Structure formats: structure tokens, C-alpha cells
Amino acid sequence: MTEPTTLTTTPGAALEAMRAARPLIHCITNFVAMNIAANTLLAAGASPAMIHTPEEAGEFARIAAALTVNIGTLSPLWVEGMKLAAEGANAAGRPWVLDPVAHYATAYRSRANAELLALSPTVIRGNASEIMVLGGETSATRGADAADPVAAAENAARSLALKQTCTVAVTGEIDFVTDGTRALRIHGGSALMPQVTALGCSLTCLVGAYAAVLPDAFEATVAALVHYAVAGENAAADADGPGSFGWRFLDALAALTPAELEARARVEAA
Ligand SMILES: Nc1ncnc2c1ncn2[C@@H]1O[C@H](COP(=O)(O)OP(=O)(O)OP(=O)(O)O)[C@@H](O)[C@H]1O
Ligand SMILES: Cc1ncsc1CCO
Ligand SMILES: [Mg+2]
């Protein structure tokens, strides 16, 4: 029997440390997400920089506290920038997070994703369908939206984490995080979240912000997901639909205090 997973840094302490450090996060994300993700990091308490061209991506990754890479809207030049950035982060000993958006959709996207996986991401954050296919299973989905429940991706997440020696986060109604040995589920959020584009992509950037500050990538990932889950619940309480949820969510990310996060976090052994 395995020991139940416990956190050495509580979500409230993690939030306090992240805001105190205000880490500089190098984000290579898609055209849909770029503005939303930058605002998400600012609201949460980190400092974003969206830098993708190969001429500077490798250099900048060595300066930033963490790197996040999202393959949502690819082109050859961007893939080159992503690989140079991942190499730069690795060379500087910085954590980097991969978001494998719809990696199964086309041969080009699958190849780019495989090349990035070979550069050893510290964390992989995806929806259930993305993680199931990465873990060697099949999914009916074709595009960027998940067609599977998170529970169906838990085994794939564990085997992917062991194979890649990394932390894997599967997000959806109830999130699942594992490093292959430890595993937790995070409750919260809102059904309005998948109705607003790029909130998953933005969460990937926030995982980078916590991973920049906490030495344990598994705990950093849990902290980012808890911050999102509680802010999502708070935003949904007064939202009329996806539009007002979007701006309320930014406000809620910023308004959360470490004490409230501590009191409201719903983390369960998995
Ligand atoms: N039904 C739901 N109920 C509560 N929270 C949800 C639900 N679906 C998604 N979320 C939350 O939304 C956030 C984004 O996760 P999601 O799995 O939708 O990402 P994604 O599919 O990669 O999104 P995108 O590709 O549009 O950026 C996570 O914090 C997740 O917990
Ligand atoms: C809609 C969409 N298309 C490519 S990336 C993206 C953002 C959500 O993943
Ligand atoms: Mg996604």
C-alpha cells in the first residue's frame, strides 16, 4: 500500500510565496490565449513575458524564472522557438511546463509535441483527452476541447508521469495531479470555465509561476490548480454566463487571500 500524499507547503503558503517573488514567467502560448494568459498571471501575482521568436526565445528562457510552452497555434518558426526555449530552460536549471493542446489532431502537431516531450518538461498540463492519448490510450476527441472525464485519464497520467519522470496534471470537473508516486484530486472551479476559451492555456502559465517559486513541481502544480479552483468558484457565484465569468475570474484570482485559499481548498487523496 502506498502512503497517502500530503503537502509540505499548504496552498495558502504557496500563494504567499508566489506573490512575494512575483516570478518572471516566459510564456510561449497560442494566439487565442496570449492576452488572457498574460492577464491571468498579472492578476494572480506573477509577471508574464510572451516571447516566441527563435532569435531570442532560448536566451530569454535562461533569464526567466520558469518557461511555459503551449502548442495551440503552431508554425515551423514557433516550434523552433519552443525547442530553443526548452533547451535554454534546461540549461539554466529552470522548470518548464508543456501544454500539449490537441497534439493528436494532425501529424505535424504530434511530431512537434513529441520533439518537445523529448526535452523533458517538468510538468505536463492537459485536459483528459490530451493526457489519455499521451498515455497510450484512445479518445474520441478531434479538437482542443476534451471529450473524456478526468477519471478516465488517471491511469494514463500515472504512466505518463513515470515514463517522462515529470508531474502530470489532468484538468476538468475534478482535477488530478500525479508524479507517478504521489497523487491528489482537486475539487472546485465551475462549469463555466470550459465555456471561456484559453482558461486551460492560462492555467498552464500559472503552473509555471508556482513551479518557479516552489522547489517541488508536484506541490507547485497542486497550488496553481487550487488557486484556480477557488477563484473559479468565487467568480461563478455572481456570473450571468461565460462573458461576465471571464472578467470576474480575473478579479477573483487577484482578490484571493492566502487565508481564504487555505480555508477553501478542497484537495483529496487519490
Ligand atoms: N466542468 C467543470 N467544472 C469545474 N471546473 C472545470 C470544469 N471543466 C474545466 N474546469 C476547470 O477549468 C480549468 C481549465 O481546464 P480545462 O480542462 O477546461 O482546460 P483545457 O481544455 O486545456 O482548456 P483550453 O484548451 O480551452 O485552454 C481548470 O482549472 C479546470 O479545473
Ligand atoms: C480554440 C483554440 N484553438 C487552438 S488553441 C485554442 C485555445 C484553446 O486551447
Ligand atoms: Mg487546453
Side-chain angles (χ1 to χ4, degrees), residues 11 27-41 43-44 52 68-75 78 82 97-106 108-109 112-113 123-134 139 141-154 157 168-177 184-207 209-210 221-237 239 242 245-246 248-250 252-253 256 261 264-268:
C27 307
I28 306 183
T29 191
N30 60 71
F31 289 108
V32 186
M34 240 187 270
N35 180 274
I36 303 163
N39 278 329
T40 294
L41 285 192
H52 53 267
T68 72
V69 175
N70 172 302
I71 66 165
T73 51
L74 286 179
S75 70
W78 279 56
M82 289 171 183
V97 186
L98 176 63
D99 187 331
V101 183
H103 63 89
Y104 39 70
T106 65
Y108 175 62
R109 195 173 276 263
N113 191 61
V123 182
I124 302 169
R125 201 287 319 162
N127 63 41
S129 302
E130 287 157 352
I131 300 301
M132 282 172 74
V133 180
L134 276 187
S139 165
T141 189
R142 291 286 169 269
D145 294 326
D148 303 278
V150 172
E154 289 192 0
V168 175
V170 192
T171 57
E173 187 177 352
I174 301 166
D175 303 328
F176 177 75
V177 183
L184 291 171
R185 291 191 195 94
I186 295 125
H187 295 251
S190 160
L192 287 170
M193 293 173 95
Q195 293 192 48
V196 179
T197 194
L199 289 196
C201 310
S202 305
L203 173 56
T204 296
C205 298
L206 188 62
V207 170
Y210 278 92
T221 304
V222 171
L225 269 52
V226 169
H227 189 166
Y228 236 59
V230 177
E233 282 181 347
N234 287 352
F245 179 84
R248 286 183 191 283
F249 181 60
L250 277 183
L253 284 170
L256 256 187
L261 200 59
R264 302 264 314 282
R266 285 190 284 141
V267 181
E268 162 197 71

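For the single chain, residues carry numbers from 1 onward in sequence order. Owing to the predicted nature of the structure, the values given are computational and were not obtained by experimental measurement. In each ligand, atom 1 is the first atom listed, and ligand 1 is the first ligand listed. Side-chain atoms are counted along with the backbone in the values below, which use heavy atoms only and exclude waters and symmetry mates.
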Gly189, Gly172, Ala236, Ala144: member with heavy atom nearest to atom 7 (C) of ligand 1: Gly172

Which of the ligand 2 atoms, numbered from 1, are nearer than 4.0 Å to a heavy atom of Ala144: 9 (O)

Per-atom contacts of ligand 1 with Gly188, taking only distances under 4.0 Å to non-hydrogen atoms: 4 (C), 5 (N)

Geometric N/O contact Glu130 with ligand 1, under 3.5 angstrom: no

Atom indices of ligand 2 within 4.0 angstrom of Val101 heavy atoms, with elements: 9 (O)

Nearest-0.5 Å distance, OG1 of residue Thr29 to CE of residue Met82: 8.0 Å

Subset of ligand 2 atoms that lie under 4.0 Å from at least one heavy atom of Gly72: 4 (C), 5 (S)

Atom indices of ligand 1, in the order listed, that fall short of 4.0 Å to a heavy atom of Asp175: 30 (C), 31 (O)

Side chain to side chain, Tyr104 and Glu130, heavy atoms closer than 4.5 Å: yes

Heavy-atom side-chain proximity of Asn39 to Asn35 below 4.5 angstrom: yes

For Arg125, atoms of ligand 1 separated by under 4.0 Å from a heavy atom: 19 (O), 20 (P), 22 (O)

Interatomic distance, Cys205 atom SG to Ile28 atom CD1 [nearest 0.5 angstrom]: 10.5 Å

Side chain to side chain donor-acceptor pair (under 3.5 Å), paired with Asn30, selected from Asn70, Thr73, Thr197, Asp99: Asn70

N or O contact, Thr197 vs ligand 1, cut-off under 3.5 Å: no

Any Ser202 heavy atom less than 4.0 Å from ligand 1: no

OG1-CG distance between Thr221 and Asp175, expressed to the nearest 0.5 angstrom: 11.0 Å

Val101 touching ligand 1 at heavy-atom level, < 4.0 angstrom: no

Whether Trp78 and His52 hold their rings parallel, tilted or perpendicular, with breakpoints at 30° and 60°: parallel

Which of the ligand 1 atoms, numbered from 1, are nearer than 4.0 Å to a heavy atom of Leu199: 27 (O)

Contact with ligand 2 for Cys201, non-hydrogen, under 4.0 angstrom: yes

Any N/O pair Cys201/ligand 1 closer than 3.5 Å: yes

Those atoms of ligand 1 less than 4.0 Å from some heavy atom in Asn127: 17 (O), 21 (O)

Under 3.5 Å: N/O of Asp99 near N/O of ligand 1: no

From the candidates Ser190, Pro100, Gly200, the one that places a heavy atom nearest atom 3 (N) of ligand 1: Ser190

Criterion side-chain contact (heavy atoms from CB on, under 4.5 Å) on Val226 and Val267, from CA distance to verdict: CA-CA 8 Å; Val226 169; Val267 181; 3.6 Å; yes

Test item: Glu268 side-chain N/O and Arg185 main-chain N/O as donor-acceptor pair under 3.5 Å: no

Non-hydrogen atom of Ala229 closer than 4.0 Å to ligand 1: no

Side chain proximity check, Asn127 to Val150, heavy atoms < 4.5 angstrom: no

Test of proximity, Tyr228 against ligand 1: N or O pairs below 3.5 Å: no

Rounded distance [0.5 Å steps], CZ in Arg264 versus CG in Leu256: 7.5 Å

Atom pair OG (Ser202) and CE (Met34), whose distance is rounded to the nearest 0.5 Å: 11.5 Å

4.0 Å heavy-atom contact, Ala146 with ligand 1: no

Minimum non-hydrogen distance to atom 15 (O) of ligand 1, winning option of Val196, Leu203, Thr171: Thr171

Salt-bridge present (Glu233, Arg266; N to O < 4.0 Å): yes

